Amino acid sequence: MPTIEDAKSMARAVESALRAKNVAITHGECLDIVARQFGLKDWNVLSAQAKRSEDTARRRITALKGWALLAEHPEAYDHGADADPMVRGGCAALIRHDPVLGLRRYPDPARAFGCYVQTVSAVPFHGQRVAISAKLRCQDVTHGATLWARVDAMPGNTFAFDNLKDAADGWLFGSRPWVERRVVLDVSAEAISLHFGFFLKGRGTLWAAVFRVEEASTAALTAPPAPPQSRAAAWITPTNLTFSEVIELSSV
């Protein structure tokens with residue numbers, strides 16, 4: 001896919017060549033000719049796809065401060081910052097299942113799962129009921145998308161978790177305009193970490209914007225507290241200190 005500027009340059013070259021042969025043609029018609037050379041209907045389609053490609057390339061060399069993408073095959077997703085004038089501040093984040101790499105990595109779309117997460121200390125929220133909310137919109141989502149939150153003690157031990165699976169206004173499917181979703185959890189006085197974010201299951205695109213984390217003492221819980229757990233501690237410990245263990249990455 002050419003850049004928008006490259007495509008315009010190609011159109012100018014076509015226009016000059018045809019006019020040199022006394023062929024009357026407009027610049028707009030030349031733009032459409034270039035688009036058809038790439039198998040596309042017209043210039044509007046080409047320019048939209050080229051802009052998406054440029055945005056994707058820019059996201060691949062940047063990162064969202066404070067956020068991390070979790071996925072079995074991260075390369076199967078276009079993810080990161082995205083501009084949207086319809087939300088406050090004009091800034092959003094997206095997770096898009098790549099139509100080419102996504103199909104290669106996840107032949108069964110039900111296995112595809114991409115999730116953005118932010119992890120913060122639970123200490124400032126000890127003893128509080130906390131609401132995590134965000135604006136979400138989606139396009140062509142096949143298996144569901146929404147926000148989620150979790151309160152943990154030591155690794156592997158969870159006090160509370162909710163991904164709105166059973167909520168009437170929970171998961172998003174298909175294409176939806178901007179809507180708000182909210183998770184409300186109690187943060188135990190023994191909690192260590194608070195995790196929250198948004199996920200895309202299957203194919204499609206999910207956008208998120210205007211996250212808020214705030215006390216909500218009078219709000220109802222969106223999920224019951226997690227039952228007591230007796231699992232052994234699962235602390236992250238030092239590993240591969242001699243650099244002898246190498247993981248083979250799948251080829252693109």
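Here the structure is a predicted model, which is why all the values come from computation and not from measurement.
- Using bins of under 30°, 30° to 60° and over 60° for the plane-to-plane angle, the ring pair F211/F198 lands in the tilted bin.
- Counting only heavy atoms from C-beta outward, the side chains of K165 and W171 approach each other to under 4.5 Å.
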field: Chi angles and distances behind the side-chain contact (heavy atoms from CB on, under 4.5 Å) call for W178, M86
entry: CA-CA 9 Å; W178 287 106; M86 300 301 293; 4.0 Å; yes
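- Nearest heavy-atom pair across A35 and L46 is CA-CD1, 3.4 Å.
- Closest heavy-atom contact between D186 and A160: O-CB, 4.1 Å.
- By the criterion of side-chain heavy atoms lying less than 4.5 angstrom apart, applied directly or through intervening Ile, Leu, Val, Met, Phe, Trp or Tyr residues, L221 is not grouped with V187; the two fall into different hydrophobic clusters.
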task: Starting from the C-alpha separation in whole Å, work towards a yes-or-no answer on salt bridge (Lys or Arg N to Asp or Glu O under 4.0 Å) for E72 and R105.
output: CA-CA 9 Å; E72 181 183 5; R105 297 292 183 259; over 6 Å; no
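- Once rounded to the nearest 0.5 Å, the distance linking OG of S175 with CD of Q139 reads 5.0 Å.
- The ring of F199 has its center no closer than 6.0 angstrom to the ring center of Y116.
- In this structure, the side chain of T158 does not engage the main chain of D152 through any donor-acceptor pair within 3.5 Å.
- Pairing each heavy atom of A219 with each of R182, the nearest pair is CB-NH2, 3.8 Å.
- Side-chain contact check for W148 versus L164: every heavy-atom pair is 4.5 Å or farther apart.
- In this structure a side-chain-to-backbone donor-acceptor pair under 3.5 Å is present from S47 to N44.
- Atoms SG and CZ, on C138 and R176 in that order, are 6.5 Å from each other to the nearest 0.5 Å.
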task: Begin from the C-alpha positions of L94 and D78 and carry the test side-chain contact (heavy atoms from CB on, under 4.5 Å) through to its verdict.
output: CA-CA 8 Å; L94 69 78; D78 170 16; 4.2 Å; yes
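- Atom NE2 of H97 sits about 10.0 Å away from atom NE2 of H73, to the nearest 0.5 Å.
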query: Would R181 and D169 satisfy side-chain contact (heavy atoms from CB on, under 4.5 Å), going step by step from the backbone distance to the final call?
result: CA-CA 8 Å; R181 289 292 183 265; D169 293 323; 4.0 Å; yes
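- Put simply, F161 and L70 are part of the same group of oily side chains (I, L, V, M, F, W, Y) that touch within less than 4.5 Å, one to the next.
- In this structure, the side chains of R111 and K201 stay at 4.5 Å or more apart for every pair of heavy atoms.
- The CD atom of E29 sits 10.0 Å away from atom CG of L18, with the distance rounded to the nearest 0.5 Å.
- Between V183 and A149, the closest heavy-atom pair is CG1-CB, 3.9 Å.
- No side-chain heavy atom of R129 sits less than 4.5 Å from a side-chain heavy atom of E215.
- Across all non-hydrogen atoms, the minimal contact from A131 to A216 is CB-CB, 3.7 Å.
- A chain of hydrophobic side-chain contacts below 4.5 Å, direct or via other Ile, Leu, Val, Met, Phe, Trp or Tyr residues, connects V213 to V120.
- Taking 4.5 Å as the limit, some side-chain heavy atom of V141 sits within range of a side-chain heavy atom of L200.
- With contacts defined as side-chain heavy-atom distances shorter than 4.5 Å, the pair H143/P109 qualifies.
- Distance check, rounded to the nearest 0.5 Å: CZ of R150 to NE2 of H195 gives 4.5 Å.
- Between atom NE2 of residue H126 and atom OG of residue S188 there is a gap of 7.0 Å, rounded to the nearest 0.5 Å.
- Residues I95 and W67 share a hydrophobic cluster, clusters being chains of Ile/Leu/Val/Met/Phe/Trp/Tyr side chains in contact below 4.5 Å.
- In terms of hydrophobic clustering, with Ile, Leu, Val, Met, Phe, Trp and Tyr side chains grouped at heavy-atom distances under 4.5 Å, L185 and V123 are assigned to different clusters.
- Taking both residues in full, the closest heavy atoms of C91 and A209 are given as O-CB, 3.7 Å, listed atom of the first, atom of the second, then distance.
- No side-chain heavy atom of V23 sits under 4.5 Å from any side-chain heavy atom of R19.
- Counting heavy atoms from C-beta on, the side chains of T146 and L136 come closer than 4.5 Å.
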- request: Verify side-chain contact (heavy atoms from CB on, under 4.5 Å) between K8 and W43, making sure each step is shown before the conclusion.
  value: CA-CA 10 Å; K8 288 181 177 179; W43 170 252; 3.9 Å; yes
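- No side-chain donor-acceptor contact under 3.5 Å links D84 and W207.
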